[in-house]
Structure formats: C-alpha cells, structure tokens
Amino acid sequence: MKKTLYFILAMFLSTQIWAQTNPISEANEMYKKGEYEKAIQAYTFVLDTHIEAPEIYFNLANAYYKTGQISPAILNYERALLLSPDDKDIQYNLDLARKHVLDKFEVLPELFIKRWFSGIRNSFSAEWWSYLSILFFLATLILASFYLYSNKSRIKKTGFFLALIAFSFSLLSYSFASKKTDEISIRQHAIIMSPSVTIKGSPDKSGTDLFLLHEGTKVKVIGELQDWRNILLSDGNEGWLKKEDIEMI
C-alpha cells in the first residue's frame with residue numbers, strides 16, 4: 001500500500017515539475033501575465049525545436065498583435081490557419097489583423113466549381129481528410145463483401161453501387177488530404193515583412209519600378225532567381241522583390 005502511495009506521489013511530483021519546466025507552459029504563463037515580448041521569445045524557442053502546432057502559432061501571433069507587430073502577427077495567424085483551416089478563432093483574428101494592412105486588392109474571380117471544391121477542401125485539415133479516406137475505404141471493403149458473398153441479387157446490386165460511391169469518396173478524401181499536405185510541406189505564399197517595398201519588373205535593382213507594397217501583404221511566390229523572388233498578387237499583378245523582404249508562410 002505504501003509503495004503504491006509513494007508511486008502515485010512520485011508521478012504527481014514529476015508531472016508538476018515537467019509542467020513547470022515545459023517551455024510551452026512557460027510561454028503560456030508569460031502570455032497570460034501580459035509579458036508579450038517574453039512570450040514571443042518563448043514561443044519562438046519552442047518552434048525552433050521543430051515543435052509545430054496551430055495553438056503555438058496562434059498564441060505567438062496574438063502576442064505579436066498585442067505588441068503592435070502586424071506583419072509577424074499575420075504571418076503566424078496564416079501558419080496557424082494552414083495547420084487548422086476550420087478554426088474560426090484563427091480566421092477571425094487573422095481578418096482583424098488584415099484590417100491594418102494598407103494594400104487592398106481585388107481577387108480574380110474563380111470558376112464556381114473550383115471555388116466550391118476549395119471551400120470543401122479547406123473545411124478540414126490534412127489529418128482529418130486522411131481519416132475520412134481510410135473510413136470510406138473500409139466502408140468500400142464492407143460493401144464489396146455484400147456484392148461478393150450475398151446470394152440475393154438485390155443486395156449484390158446495392159452493395160456494388162454503394163461500394164463504388166464509398167470508393168469514390170475515399171479517393172476524393174485522399175486527394176484533399178494530399179493537397180492539404182502539399183500546402184503545408186510545399187509552401188508557396190509569403191508575407192511582406194519590410195515596411196514598404198518597390199516591386200520591380202525584373203530581378204535587378206535597375207529594373208523598372210512597377211508598384212509599391214507594404215508590410216503584411218500576402219503574396220504568392222511563383223519563381224526565384226538568386227536573391228530575387230517572383231511574386232503574384234491576388235489581382236493578377238506580378239513582379240520581383242528581394243528575398244529578404246518576405247517570409248514564407
């Protein structure tokens with residue numbers, strides 16, 4: 001009995017010690033106390049150890065926003081949303097931070113079917129789409145067994161058609177999971193971090209000045225040449241800027 005109590009006490013103490021020395025917990029405590037600069041350093045340290053989670057990016061973005069640093073706030077809200085696309089709190093705070101961005105652009109219209117599929121795909125994370133793909137595939141196997149082993153014609157036909165539908169949903173879920181995984185691993189969008197930057201018509205300082213962009217603006221990187229990046233805006237305009245002026249999401 002005493003050994004059991006000692007074991008429980010030891011486990012409790014070790015849990016408390018771990019919680020106190022856990023860098024994420026420390027960062028959260030700093031944030032709760034309003035020590036936002038220290039919280040930023042703590043969350044950045046956690047991310048430098050290759051620990052990623054939407055909650056970490058979200059809290060880091062909030063800390064940046066609290067200190068008036070809009071560009072890094074938007075950057076980390078975007079990173080949080082990439083990992084948790086269905087999180088309404090992240091989207092709300094991101095929209096709030098975007099109101100401070102000077103540049104406003106018209107978004108090129110998309111085909112309805114493409115916009116509709118994008119909306120469905122962004123409803124869940126890559127992990128959840130993977131689970132759904134596996135679930136639909138298991139349903140395919142079960143329904144296919146009705147077709148293969150049932151002696152009744154009606155059940156065979158029903159099992160066959162339902163198996164086809166389930167398999168189609170499995171493939172669709174897999175494609176969504178693959179796309180979301182690519183968005184996380186092959187990141188194409190970036191946030192402008194410099195207060196303002198002149199977009200050039202060519203990857204050269206002597207290139208033609210096209211237009212001016214300001215910090216916090218989201219761009220898509222479509223090409224690169226040495227220290228220059230070819231960027232595309234949501235309104236279809238494109239140009240070149242230095243790599244140091246942006247940070248990839």
Side-chain angles (χ1 to χ4, degrees), residues 47 50-58 61 74-95 97-98 105-191 218-224 230-236 238 247-249:
L47 292 170
H50 304 290
I51 298 175
E52 272 194 317
E55 296 81 9
I56 297 175
Y57 283 123
F58 181 65
I74 291 176
L75 175 69
N76 286 283
Y77 282 137
E78 290 279 7
R79 288 172 173 172
L81 195 64
L82 199 61
L83 298 177
S84 184
D86 58 334
D87 193 308
K88 294 181 179 179
D89 290 334
I90 297 174
Q91 185 64 63
Y92 176 82
N93 284 20
L94 175 59
D95 291 339
R98 281 174 175 166
F105 304 102
E106 293 291 333
V107 180
L108 289 177
E110 286 184 322
L111 292 174
F112 169 76
I113 190 68
K114 185 178 180 181
R115 188 170 65 251
W116 184 67
F117 268 99
S118 295
I120 295 175
R121 185 178 66 243
N122 293 329
S123 299
F124 299 105
S125 64
E127 185 179 16
W128 275 105
W129 281 122
S130 298
Y131 291 150
L132 285 173
S133 179
I134 295 171
L135 184 63
F136 281 122
F137 185 72
L138 292 175
T140 301
L141 296 179
I142 294 171
L143 292 167
S145 67
F146 292 154
Y147 168 74
L148 293 173
Y149 301 111
S150 177
N151 295 323
K152 296 182 179 180
S153 176
R154 186 176 179 181
I155 294 178
K156 288 176 74 71
K157 289 180 179 180
T158 303
F160 177 78
F161 285 113
L162 290 179
L164 281 180
I165 294 173
F167 186 64
S168 299
F169 277 113
S170 178
L171 289 178
L172 185 62
S173 299
Y174 176 80
S175 68
F176 285 167
S178 179
K179 180 66 176 179
K180 296 299 294 183
T181 301
D182 287 343
E183 289 178 357
I184 295 173
S185 58
I186 309 173
R187 304 190 183 187
Q188 295 180 307
H189 290 87
I191 301 296
K218 184 178 180 180
V219 298
K220 183 177 181 179
V221 178
I222 58 175
E224 59 181 70
N230 188 198
I231 58 101
L232 177 68
L233 299 177
S234 59
D235 63 357
E238 64 175 276
E247 189 164 344
M248 300 302 295
I249 293 173

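Just so you know, residue 1 is the first one in the sequence shown, and it goes up from there. All values below come from the heavy atoms of this structure, side chains included, with hydrogens, waters and symmetry mates left out.
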- Query: Between Ser123 (side chain) and Ile120 (backbone), is there a donor-acceptor pair under 3.5 Å?
  - Reply: yes
- Is the CZ atom of Phe161 crowded by more than 12 outside heavy atoms at less than 6.0 Å? no
- Task: Indicate yes or no for a side-chain donor-acceptor contact from Ser178 to the backbone of Tyr174 under 3.5 Å, with no hydrogens or angles considered.
- Result: no
- Distance in Å, Asp87 CG paired with Tyr77 OH, rounded so as to fall on 0.5 Å steps: 11.5 Å
- Message: I need the Lys179 NZ to Ile186 CD1 distance, nearest 0.5 Å.
- Response: 9.0 Å
- Any chance you could measure Thr140, atom OG1, to Ile134, atom CD1, to the nearest 0.5 Å? 12.5 Å
- Message: Rounded to the nearest 0.5 Å, what separates atom CD in Glu224 from atom CD1 in Ile231?
- Response: 14.0 Å
- Is there a donor-acceptor pair under 3.5 Å between the side chain of Ser168 and the backbone N or O of Leu164? yes
- Is atom NZ of Lys156 surrounded by more than 12 heavy atoms (other residues, nucleotides or ligands) closer than 6.0 Å? yes
- Report yes if some heavy atom in the side chain of Val221 is under 4.5 Å from a heavy atom in the side chain of Arg187; otherwise report no. no
- Query: Which heavy atom in Leu82 sits nearest to a heavy atom in Pro85, and how many Å separate them?
  - Reply: O-CD, 4.1 Å
- Sorted by chain and residue number, the side chain to side chain contact (heavy atoms under 4.5 Å, CB included) partners of Gln91 (sequence neighbours excluded) come out as Leu81, Leu94, Asp95, Arg98
- Task: Measure across Pro54 and Ala80 and return the closest heavy-atom pair with its distance rounded to 0.1 Å.
- Result: O-CB, 3.6 Å
- Query: Does His189 reach the side chain of Glu78, with side-chain heavy atoms less than 4.5 Å apart?
  - Reply: no
- Task: Please answer whether the main-chain N or O of Ser133 pairs with a side-chain N or O of Ser170 as donor and acceptor at a distance below 3.5 Å.
- Result: yes
- Do you know which two heavy atoms are closest between Phe146 and Gly159, and how far apart they sit? CB-CA, 4.4 Å
- Message: Applying ring-ring contact (aromatic ring centres under 6.0 Å, His included), can you list everything that pairs with Tyr57, at least two apart in sequence or on another chain?
- Response: none
- Query: Relative to each other, are the rings of Phe176 and Trp129 parallel, tilted or perpendicular (30° and 60° limits)?
  - Reply: perpendicular
- Message: Do Ser84 and Ile90 make a side-chain contact, defined as non-hydrogen atoms from C-beta onward lying under 4.5 Å apart?
- Response: yes
- Dump the intermediate steps for side-chain contact (heavy atoms from CB on, under 4.5 Å) on Ile222 and Gln188, then the final yes or no. CA-CA 7 Å; Ile222 58 175; Gln188 295 180 307; over 6 Å; no
- Can you tell me how far NZ of Lys220 sits from CG of Leu233, rounded to the nearest 0.5 angstrom? 12.0 Å
- Verify the neighbour count for atom CZ of Phe136: are there more than 12 heavy atoms of other residues, nucleotides or ligands below 6.0 Å? yes
- Would you check if Asn76 and Phe58 make a side-chain contact, meaning some heavy-atom pair closer than 4.5 Å? no
- Message: Any non-hydrogen side-chain atom of Tyr147 less than 4.5 Å from a side-chain atom of Leu143?
- Response: no
- Query: Can you find a pair of side-chain heavy atoms, one from Leu148 and one from Ser145, that are under 4.5 Å apart?
  - Reply: no
- Sub-4.5 Å side-chain heavy-atom contact between Glu238 and Asn230: yes
- Do you know which two heavy atoms are closest between Ser173 and Leu132, and how far apart they sit? OG-CB, 4.0 Å
- Between Tyr131 and Trp128, how do the two ring planes meet: parallel, tilted or perpendicular, split at 30° and 60°? perpendicular
- Val219 side chain near Leu232 side chain, heavy-atom distance below 4.5 Å: no
- Item | Whether Arg79 side chain and Met248 backbone form a donor-acceptor pair below 3.5 Å | yes
- Message: Could you measure the distance from the CG atom of Asp86 to the OG atom of Ser125? Nearest 0.5 Å is fine.
- Response: 6.5 Å
